[in-house]
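Read the structure below first, then the notes.
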Amino acid sequence: MSSARLMLLRAILAVPVLFAGASKAPAGEADRIEARIEIFGFAGIHVLTNRTTVEEAGDRYSIAMDLDTRGLARVFVDLTSHSEVHGRLARDTARPDAYRAEVRRNGIDRSYGVDYRSDGAAINVSTPPSPGSSLSVPAELIRGTVDQLTAYFLLERQLAQRGGCALVVPVFDGSALYNVRFTDIKSEALSADGYQNFARPTQLCQIFARRSAPNPVRARTRINEGRSGMPASRQAI
């Protein structure tokens, strides 16, 4: 996985939240949550902004995420990206219809896309990084996969319904194929502090993502259960 894709995965699946703001649509409208997550590194250096919108309406859902590196982080990785997915909701799952991502890293643009069929087939429609190159992955390997945004959404829905993190999701993001494993660590009450005013029970989850080639990503994340079972914020430990 390239460092840009690795940063995207970490930002989506293991967001180190130091500040998060979320808002919810008025009653009677589509169930919509908007969140802005500011990520800080060593010595309080601002490194990344994550803006995410999750919307549910009837049996449909959509997720959009924008990532931008900030401050000194841009000296090392100048990254901006926009990714989105829309799909269908079922009682115990969510199934994407189409996923798209536009990534610009250090002046180089990449486009990723996956279309999903009702029979479980996933069609890679990503743009190769250069003429003559290929992002081909055998169709039988990506059948039944979902995108990385839907993977986290599935965890959120499971937490709202059953209160546990234990889940394995096969993910194909248009470039890399990997399994994301969520496991329970502990439950605890989160108190309001200088970075956020959320004070409710939370579930601490560990996330482990592994490609077919050895390149694992391990992280811990706390899910703060908000209204309608959706998280008000996510916090890595």
Test question: given the 4.5 Å side-chain rule for I, L, V, M, F, W and Y, name all other residues clustered with I123, or answer none.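 The other cluster members (ILVMFWY side chains, heavy atoms under 4.5 Å, direct or chained) are V125.
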Please report the shortest heavy-atom distance between [X] and [Y], naming the atom on each side.
{"X": "A94", "Y": "T150", "answer": "O-CG2, 4.0 Å"}
{"X": "Q203", "Y": "I185", "answer": "NE2-N, 4.2 Å"}
{"X": "A64", "Y": "H82", "answer": "CB-CE1, 4.3 Å"}

Mind checking what makes side-chain contact (heavy atoms from CB on, under 4.5 Å) contact with [X], not counting sequence neighbours?
{"X": "V47", "answer": "I39, I45, A73"}
{"X": "T93", "answer": "A90, L154"}
{"X": "T49", "answer": "R36, E38, H46, R51, R70"}
{"X": "I108", "answer": "R110"}

When you measure from the side chain of [X] to the backbone N and O of [Y], does any donor-acceptor pair fall under 3.5 Å?
{"X": "S126", "Y": "G174", "result": "yes"}
{"X": "Y116", "Y": "D147", "result": "yes"}
{"X": "T202", "Y": "E188", "result": "yes"}
{"X": "Q158", "Y": "A166", "result": "yes"}
{"X": "D184", "Y": "G164", "result": "no"}
{"X": "T69", "Y": "L79", "result": "yes"}

Measure the shortest side-chain to side-chain distance between [X] and [Y] over non-hydrogen atoms and say whether it is less than 4.5 angstrom.
{"X": "L149", "Y": "M65", "result": "yes"}
{"X": "D78", "Y": "R105", "result": "no"}
{"X": "C165", "Y": "L159", "result": "yes"}
{"X": "T183", "Y": "R181", "result": "yes"}
{"X": "V180", "Y": "F208", "result": "no"}
{"X": "I63", "Y": "F153", "result": "yes"}

Is the closest side-chain donor-acceptor distance between [X] and [Y] under 3.5 Å?
{"X": "Y112", "Y": "T127", "value": "no"}
{"X": "D109", "Y": "S111", "value": "no"}
{"X": "T53", "Y": "E34", "value": "no"}

Let me check something: do L72 and L67 share a hydrophobic cluster, defined by ILVMFWY side-chain heavy atoms less than 4.5 Å apart, either directly or through other members?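 Yes; tracing contacts between hydrophobic side chains, which count when under 4.5 Å, links both residues.
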Do Y99 and L141 sit in the same hydrophobic cluster, where Ile, Leu, Val, Met, Phe, Trp and Tyr count as joined when their side-chain heavy atoms come under 4.5 Å apart?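 Yes, Y99 connects to L141 through the hydrophobic network.
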Sequence neighbours left out, what pairs pass salt bridge (charged side-chain N to carboxylate O under 4.0 Å, His left out) with at least one residue falling in residues 83-100?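 Counting only pairs at least two positions apart or across chains, the salt bridge (charged side-chain N to carboxylate O under 4.0 Å, His left out) contacts touching residues 83-100 are R60-D97, R88-D97, R100-D115.
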